[in-house]
Amino acid sequence: MALFRAAVSAALLLLTTAFSALGQDVTLSSPDGSVEINGTLLSFDGEFYRVETKFGELTVDGSGVRCDGPGCPSLSGFVAEIALSGSATMADVLLPALIEGFALRNGYQTHRDSLGGANFEYLLREPGGRTAARFSFFVSNTDEGFADLLENKADIVMALREIREDERAKARAAGMGDMTGPARSRVLALDALVPVVAPENPVRDITVPQLVDVLTGAITNWRDLGGPDAPISLNLPAATSGLMQAIQDQLLGRAKLAGGSRRHDRISTLVRRVATDPFALGVASFAEARPARMLTLTGPCGHALQANRRTIKTEDYPLTSPLFLYLPARRLPKVARDFLSYSRGPGAQIVIRRAGFVDQAPETISMNAQGNRLANAILSGGDEVGLDELNRMIKTLQGRQRLTTSFRFEAGSSRPDAQSRSNIEQLARALEAGAYDARELMFVGFSDGQGPAAGNQDIALKRASAVRDAVLASAETANLERVNVSAQAFGEAMPMACDDSAWGRQVNRRVEIWVR
């Protein structure tokens with residue numbers, strides 16, 4: 001125990017020493033002495049000084065100034081400092097695995113040290129032994145991550161939900177820019193909210209309204225779900241966790257959660273509890289659902305949606321839950337920028353998949369592999385969507401493959417949701433890299449079944465055209481003469497879920513990508 005306390009003390013001393021220069025006065029002078037900036041050093045990334053002055057926060061190129069004062073860092077022994085704060089789910093496995101992958105790719109050696117409690121750090125060392133970077137992890141929850149960012153205690157937030165409007169306003173007021181912009185936020189990986197039960201529980205599926213009724217206390221007995229006559233033991237994440245906040249946003253809305261549920265600080269603990277209790281029901285993350293069994297989401301019209309890599313990646317499964325990184329509008333050290341760039345590359349997608357989460361690498365789905373969707377289209381056809389329209393859809397899509405890159409929209413809005421905004425950036429970068437040269441990309445719009453079919457067709461085409469235009473606008477350096485891009489729509493011809501609920505209609509309103 002004494003050795004453990006000594007190790008923690010040493011790690012904390014090292015971290016304190018590294019940050020001791022920050023917050024001290026410095027003077028930055030031009031070579032001829034004609035320009036002089038006095039202020040408090042906020043950070044130094046090896047290239048640029050960030051200084052708080054009487055004129056506000058300034059970023060100054062270090063190559064053009066001389067630094068004097070007690071806060072001046074050592075240029076020769078510079079160690080890049082990157083502080084990450086927030087979600088334990090992301091800090092437990094995912095980000096350490098990505099740092100290990102990044103280090104291996106770039107020839108660094110890694111060393112992990114505890115900082116006490118759940119906090120830890122990764123040191124990246126060059127082959128000669130010099131420390132090049134220190135990634136410090138402050139592990140708590142999404143709320144604490146945003147609080148640390150606003151207090152300048154963190155460079156990157158690990159979040160299981162989108163930033164709240166009040167947090168966004170505070171960040172903007174603090175000079176951190178619009179945290180919802182493409183340069184300020186990014187989807188690192190994908191996950192989903194899944195209802196879970198013990199393997200021996202006889203219930204196999206549940207509707208979203210039934211799940212909401214369980215959460216609000218309207219359903220308290222398994223008998224109402226087709227199970228035994230026994231009370232439901234509800235297990236949920238801690239109230240302050242990002243996953244619980246995602247449950248509130250996506251399932252409960254303004255409805256109040258019933259009292260009496262068992263709360264868990266860790267999802268792994270929740271899942272183990274559910275897996276050993278035949279009368280328990282929990283809401284967990286797809287990445288950590290085992291050894292419990294996931295329930296399939298169903299509806300009265302016969303559509304069934306099961307959480308798996310493909311349905312989460314396409315957002316066909318309705319309760320997707322992206323994992324976010326949020327970055328302030330300030331320059332990070334080069335090592336941090338390189339790491340963030342790596343996290344979007346193909347090597348990182350493999351690491352994400354191996355860590356149990358859903359990656360964002362696009363995959364193709366052949367027409368032959370979509371029998372259930374086509375069968376649902378035929379079963380859902382009616383007077384407004386007849387055989388002629390279904391024939392037109394099949395003939396148009398025949399010979400093409402569907403990309404797992406899809407686009408859906410925020411509830412009651414034409415704005416793409418968080419995952420779809422990330423998909424716009426991903427597809428734009430792929431176009432810039434020439435990944436679809438000499439190929440055809442068709443943006444295909446679908447709608448829900450509310451209202452006249454002709455009007456839904458027009459709305460679906462407008463959405464498909466808008467998404468296409470957003471991707472092309474983002475692909476600034478792409479040679480668009482090398483790729484054939486078009487927009488098409490089939491309205492309500494191929495529903496993914498029942499139209500009798502808000503979440504079902506939202507799933508049906510989408511834009512797909514079909515390639516040839």
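Positions are given from 1 along the sequence.
- When all heavy atoms of Q360 and V187 are compared, the closest pair comes out as NE2-O, 2.8 Å.
- Salt-bridge annotation for K462 and D458: absent, with no side-chain N of the basic residue lying under 4.0 Å from a carboxylate O of the acidic one.
- Salt bridge status for R330 with E57: absent, with no side-chain N to carboxylate O gap under 4.0 Å.
- Residues F286 and Y317 place their aromatic rings such that the two centres sit no closer than 6.0 Å.
- With a 6.0 Å cutoff to the six-membered ring centre and a 45° limit on the axis angle, R164 does not count as a cation-pi contact of F146.
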Notebook entry, point to check: Could you go step by step and tell me if D417 and S420 meet the side chain to side chain donor-acceptor pair (under 3.5 Å) rule?
Noted result: CA-CA 5 Å; D417 63 19; S420 298; 2.8 Å; yes
Notebook entry, point to check: Going through the distances and angles, do E315 and S406 end up as a side chain to side chain donor-acceptor pair (under 3.5 Å)?
Noted result: CA-CA 7 Å; E315 282 193 276; S406 300; over 6 Å; no
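- Between R331 and E47, at least one side-chain N (NZ, or NE/NH1/NH2) sits under 4.0 Å from a carboxylate O, which counts as a salt bridge.
- Salt bridge R429/E432: absent, no basic N to carboxylate O contact under 4.0 Å.
- Considering all non-hydrogen atoms of both residues, V79 and T131 come closest at CG2-O, 3.4 Å.
- No side-chain heavy atom of E512 sits less than 4.5 Å from a side-chain heavy atom of I365.
- The local environment of CZ in R415 is crowded, with over 12 non-hydrogen atoms from other residues, nucleotides or ligands closer than 6.0 Å.
- Counting heavy atoms from C-beta outward, I163 and S185 have side chains that stay 4.5 Å or more apart.
- More than 12 heavy atoms of other residues, nucleotides or ligands lie within 6.0 Å of CZ in R263, so this atom counts as buried by the packing criterion.
- If you run side chain to side chain donor-acceptor pair (under 3.5 Å) between D316 and each of R408, Q306, R510, only R408 comes through.
- Aromatic ring orientation, F120 versus Y122: perpendicular (interplanar angle above 60°, classes split at 30° and 60°).
- With respect to E410 and R421, a salt bridge is recorded, a charged nitrogen being found less than 4.0 Å from a carboxylate O.
- Comment: E288 does not engage R266 in a salt bridge, judged by the lack of any side-chain N to carboxylate O separation of less than 4.0 angstrom.
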